[in-house]
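A short write-up of the structure that comes next.
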Amino acid sequence: AGLNARASGWKRMVAETVTSHRPDHGNGDLERQARFYMGRIMPGLRGKVPAAEVLEALRASLGAAGTAAAARMGSVTEGRS
């Protein structure tokens, strides 16, 4: 086993964690959010996937979530003066 035995579907799990959990402390900056989510994600991946790879996938998911939220906000506020 060891570090080379990849956890199947781990990137999907990262994305699902971002969409299903919200920090209690508010949004904060990207690094604060990353620490919150790494604390939720890594217990299941420790020893299976390098933390640097998880963090990279997490940052991509956070960026995608932020872009989606901004798009939703834009559609809600369009047409308002």
On a heavy-atom basis, which atom in Ala34 and which in Leu55 lie closest, and how many Å separate them?
CB-CD1, 3.9 Å
d(Trp10 CH2, Leu45 CG) to nearest 0.5 Å is 7.5 Å
For the CD1 atom of Ile41 and the CG atom of Leu58, what is their distance to the nearest 0.5 Å?
5.0 Å
Ion pair present between Lys48 and Glu53, side-chain N to carboxylate O less than 4.0 angstrom?
no
Under 3.5 Å donor-acceptor pairs involving side-chain atoms of residues 14-21, not counting sequence neighbours:
unit_1, atom_1, unit_2, atom_2, d
Thr17, OG1, Met13, O, 2.8
Thr19, OG1, Ala15, O, 3.4
Thr19, OG1, Glu16, O, 3.0
Ser20, OG, Glu16, O, 2.8
His21, ND1, Thr17, O, 3.4

Test side-chain contact (heavy atoms from CB on, under 4.5 Å) applied to Ala51 - qualifying residues, sequence neighbours left out
Met38, Met42
